[in-house]
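Letters go in sequence order (proteins before strands), and every chain restarts at 1.
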There are 4 protein chains.
Amino acid sequence: MKKKFTEKQIHILNVAEKLIAKKGFEGTSVRDISTNANINVAMISYYFGSKEKMMSYLYRYRVQKTRESFAEFAEIIREGKPEMQMKELIKYVVNQLFKFNYFHGFVTQELRHTEHLKEDLLGFYTTFTSKIDDVIKKGVASGIFTNAPKPEDILTLIVGSSLFVIRNKNFYELYVSGPEENYFEEAEKKVMANVLVTVFSLLGYHAD
Amino acid sequence: MKKKFTEKQIHILNVAEKLIAKKGFEGTSVRDISTNANINVAMISYYFGSKEKMMSYLYRYRVQKTRESFAEFAEIIREGKPEMQMKELIKYVVNQLFKFNYFHGFVTQELRHTEHLKEDLLGFYTTFTSKIDDVIKKGVASGIFTNAPKPEDILTLIVGSSLFVIRNKNFYELYVSGPEENYFEEAEKKVMANVLVTVFSLLGYHAD
Amino acid sequence: MKKKFTEKQIHILNVAEKLIAKKGFEGTSVRDISTNANINVAMISYYFGSKEKMMSYLYRYRVQKTRESFAEFAEIIREGKPEMQMKELIKYVVNQLFKFNYFHGFVTQELRHTEHLKEDLLGFYTTFTSKIDDVIKKGVASGIFTNAPKPEDILTLIVGSSLFVIRNKNFYELYVSGPEENYFEEAEKKVMANVLVTVFSLLGYHAD
Amino acid sequence: MKKKFTEKQIHILNVAEKLIAKKGFEGTSVRDISTNANINVAMISYYFGSKEKMMSYLYRYRVQKTRESFAEFAEIIREGKPEMQMKELIKYVVNQLFKFNYFHGFVTQELRHTEHLKEDLLGFYTTFTSKIDDVIKKGVASGIFTNAPKPEDILTLIVGSSLFVIRNKNFYELYVSGPEENYFEEAEKKVMANVLVTVFSLLGYHAD
DNA sequence: AATGAATGAGCGTTCATTCAT
DNA sequence: CATGAATGAACGCTCATTCAT
């Protein structure tokens with residue numbers, strides 16, 4: 001977790017991340033990466049020990065960034081009302097998923113022999129779930145929410161919907177307006193709206 | 001679609017499907033497949049032209065089966081009430097996703113240079129969405145549903161939640177009771193209940 | 001031991017043997033071998049599993065041949081007089097060493113991580129030593145030999161001298177007549193004579 | 001020969017010598033050496049030009065030491081009787097071989113494209129042979145030796161036997177008493193005795 | 001004078017595919 | 001129709017060496 005990377009290493013990680021998200025871990029060769037990153041093939045082994053280890057570093061690097069970002073964000077919304085907090089939580093996580101969709105794309109698919117790495121993502125998910133739980137409880141206590149759905153199911157709904165839309169562009173774009181190159185932008189808006197409506201419906205929230 | 005397979009070919013496809021689901025497309029070698037299927041290594045190229053083409057056939061084969069199965073199913077529920085039809089639709093698709101989760105796992109991730117293949121899955125999704133739309137409209141017309149959410153968002157919610165739960169076992173199992181080996185069974189129940197509640201909440205449905 | 005090789009495999013082994021004897025195991029690449037043997041690089045792994053395993057096969061193949069040949073030879077001289085037997089034993093082993101000098105060259109040098117393979121050569125050496133012992137005992141019993149040197153020291157002397165001459169051409173050729181290309185032929189004669197004189201001197205043998 | 005080494009270079013050579021003796025020239029990487037010698041990996045090329053050249057220097061360094069040592073030794077025994085001189089010569093060379101056995105191990109096997117380096121060893125061998133010749137002639141002249149074997153054959157016998165015993169531990173240890181870790185010590189004694197008996201037998205020497 | 005970073009070549013091996021029968 | 005043998009390309013990695021400082 002404490003590992004610090006040089007700029008060059010981060011550059012390689014960024015290139016690798018995109019390629020792996022697109023073509024999978026096995027489908028991406030170190031030569032692919034080195035060519036795209038304009039470095040020598042030997043550098044991947046030189047910097048990270050091996051392709052597999054690079055993957056670990058990449059993974060931890062990205063999750064770490066995500067968790068740091070979330071911690072900051074959580075601080076900001078600490079004082080708000082439950083309905084506002086919930087809205088911000090949803091907006092935050094949907095936005096993050098669209099921002100790093102390629103990362104989440106390979107995280108759940110490709111990390112086969114390194115199951116333990118998922119622990120980090122798990123940590124993020126549980127932190128997030130716990131935060132949702134707090135907000136629900138607070139809202140129910142204050143009477144603004146009339147139902148108390150399970151927080152893990154709220155997370156499932158938010159993340160599941162977002163990733164589905166990210167990964168099934170050719171389906172969802174049928175229902176999204178605007179030019180194709182704006183798909184992710186527009187899809188984010190649409191799924192965000194959908195998720196917000198859905199969650200607040202489940203919470204039995206009715207604006208005054 | 002028109003392609004007919006011999007028994008031997010179907011046998012190979014079945015073996016390949018399981019291996020690919022477990023180890024990914026790139027992670028599965030033709031030698032793996034041929035060894036497990038007790039055939040000669042040259043047979044994959046011989047029968048299907050190439051590994052990639054075999055993949056296409058496999059994909060089409062599975063989607064075709066799914067669509068046939070859905071057509072049958074749709075017929076069965078044709079006469080019911082909207083709330084029953086919606087419930088059955090949800091149960092059907094969630095069940096299918098869990099049944100062929102390994103297949104759906106690689107569909108959206110591993111198929112490269114074969115973008116057109118997604119058309120088949122797209123066909124299934126749109127058919128399904130259209131069916132959902134019919135049911136919503138019918139329910140709204142009869143007054144049993146008070147809201148009319150977008151059908152594509154309903155599908156997104158159902159499929160997204162199911163796939164998330166399938167792919168993030170180590171997160172969702174924290175909230176699922178029973179031994180680990182029953183995870184998929186129990187997770188299916190839990191996510192099914194969640195999805196049902198969510199969709200009917202969105203529909204503004206209230207049982208008498 | 002029972003492993004049978006195809007002609008092509010034997011061809012590869014022969015090429016590999018010569019190269020390895022000349023440049024060492026690590027110094028000989030599979031591409032070297034494949035080029036010299038006019039085969040594809042992949043064949044070494046294909047036929048033998050790996051370069052290392054090829055080495056094992058090569059070793060066993062050569063030792064096996066040597067032991068078979070010795071068994072035949074031992075049979076032939078079974079009935080002779082001790083002095084004749086000893087002479088033939090020496091001639092036989094010196095001749096074998098010169099014939100397969102490249103093999104013996106790498107056997108004792110390069111087999112680092114496969115120590116157990118030496119067992120086979122050990123078997124040959126002990127068989128040979130035991131045979132020498134028999135002859136010495138018989139000769140001493142009959143009074144034709146007046147001394148009974150240790151058989152392992154006789155073997156050491158014979159094999160050590162031969163290998164030294166083989167491996168130190170640039171020294172020994174100073175004392176060998178004839179053109180350079182006949183070195184091994186002439187050196188064999190010279191070292192053979194030397195070894196015979198030495199051993200019989202040690203045995204205290206005096207021709208009538 | 002004229003090359004003078006700094007302390008650091010000598011340190012590297014010593015480390016390299018031991019590693020190469022253990023793992024062979026190709027089996028020893030410059031990283032191995034630099035790690036063991038606590039120097040930067042670039043230093044081998046920096047100091048010696050290349051790994052191969054370092055090898056040459058190492059070789060010359062060792063042979064040079066050996067020749068210097070022999071020159072000293074030769075001086076010491078200059079005045080003795082032939083039988084004593086011969087005995088001391090044998091003891092000296094056998095002892096040297098055991099002392100630097102790892103060095104002699106790779107000399108004849110690993111040095112490629114550097115055939116000229118053998119000249120140095122050749123020089124040592126011829127010097128030694130010439131010395132043996134002197135002693136034989138003197139002994140024959142004085143009547144203490146009744147035969148005059150060829151000096152190169154005497155050298156062959158001494159060096160060949162010693163190296164054989166060094167390189168074929170697993171054979172010779174069957175006939176050597178004491179714990180395995182004392183093998184070289186005990187083997188040296190045994191082969192020394194054998195060589196002495198053999199040479200004096202060939203010389204037709206009989207102690208009064 | 002010395003070093004850490006970086007390089008290009010080569011390593012043994014495995015891959016999907018094609019060939020010869 | 002089917003197969004075992006064989007292929008060339010590509011794989012991840014390590015090598016001795018060179019570069020920039």
B:Lys8 or D:Ser50, whichever maps to the more 5' nucleotide of DNA chain F: B:Lys8
d(CG, D:Asp32; P, F:dT14) in whole Å: 13 Å
Pairing partner of E:dA1 (Watson-Crick or G-U wobble, both distances under 3.5 Å): none
G-U wobble or Watson-Crick pairing nucleotide for E:dA20 (cut-off 3.5 Å, both distances): F:dT3
Whole-Å distance separating the OH atom of A:Tyr47 from the P atom of F:dC13: 17 Å
Rounded distance in Å - CD1 (B:Ile12) to C1' (E:dA16): 15 Å
B:Glu68, CD atom: more than 12 neighbouring heavy atoms under 6.0 Å: yes
Closest nucleotide among E:dT13, F:dA16, E:dT17 to the B:Lys51 side chain: E:dT17
Sugar-phosphate only, base, or nothing, as touched by C:Thr6 at under 4.0 Å among non-hydrogen atoms: nothing
Derivation and outcome, side chain to side chain contact (heavy atoms under 4.5 Å, CB included), residues C:Ile20 and C:Met55: CA-CA 9 Å; C:Ile20 290 171; C:Met55 189 72 178; 3.8 Å; yes
D:Met54 CE - F:dA16 P separation (whole Å): 10 Å
Protein-nucleotide distance (B:Lys53, atom NZ; E:dA16, atom C1'), rounded to Å: 13 Å
Rounded distance (nearest 0.5 Å) linking atom OH of D:Tyr61 with atom CE of D:Met54: 13.0 Å
Whole-Å distance separating the OH atom of D:Tyr46 from the C1' atom of E:dT3: 10 Å
Beyond-backbone contact of A:Met43 with A:Tyr46, side-chain heavy atoms, under 4.5 angstrom: yes
Under-4.0 Å side-chain N/O to phosphate OP1/OP2 contact, C:Ser29 with E:dG10: no
Nearest-nucleotide comparison on DNA chain E, the residue closer to the 5′ end among B:Ser45 and C:Arg31: C:Arg31
Atom-pair distance (CD on D:Glu7; P on E:dA1), nearest Å: 17 Å
Exam field: side chain B:Ser34 to backbone B:Arg31, donor-acceptor pair closer than 3.5 Å: yes
A:Tyr57 and A:Phe48 aromatic ring geometry - parallel, tilted or perpendicular at 30°/60° bounds: tilted
Members of residues 33-44 of chain D that approach DNA chain F, where some heavy atom sits under 4.0 Å away: D:Val41, D:Ala42
Euclidean distance, atom CD1 of residue D:Ile20 to atom P of F:dA16 [Å, nearest integer]: 10 Å
Geometric cation-pi criterion, B:Lys51 with B:Phe25: 6.0 Å, 45°: yes
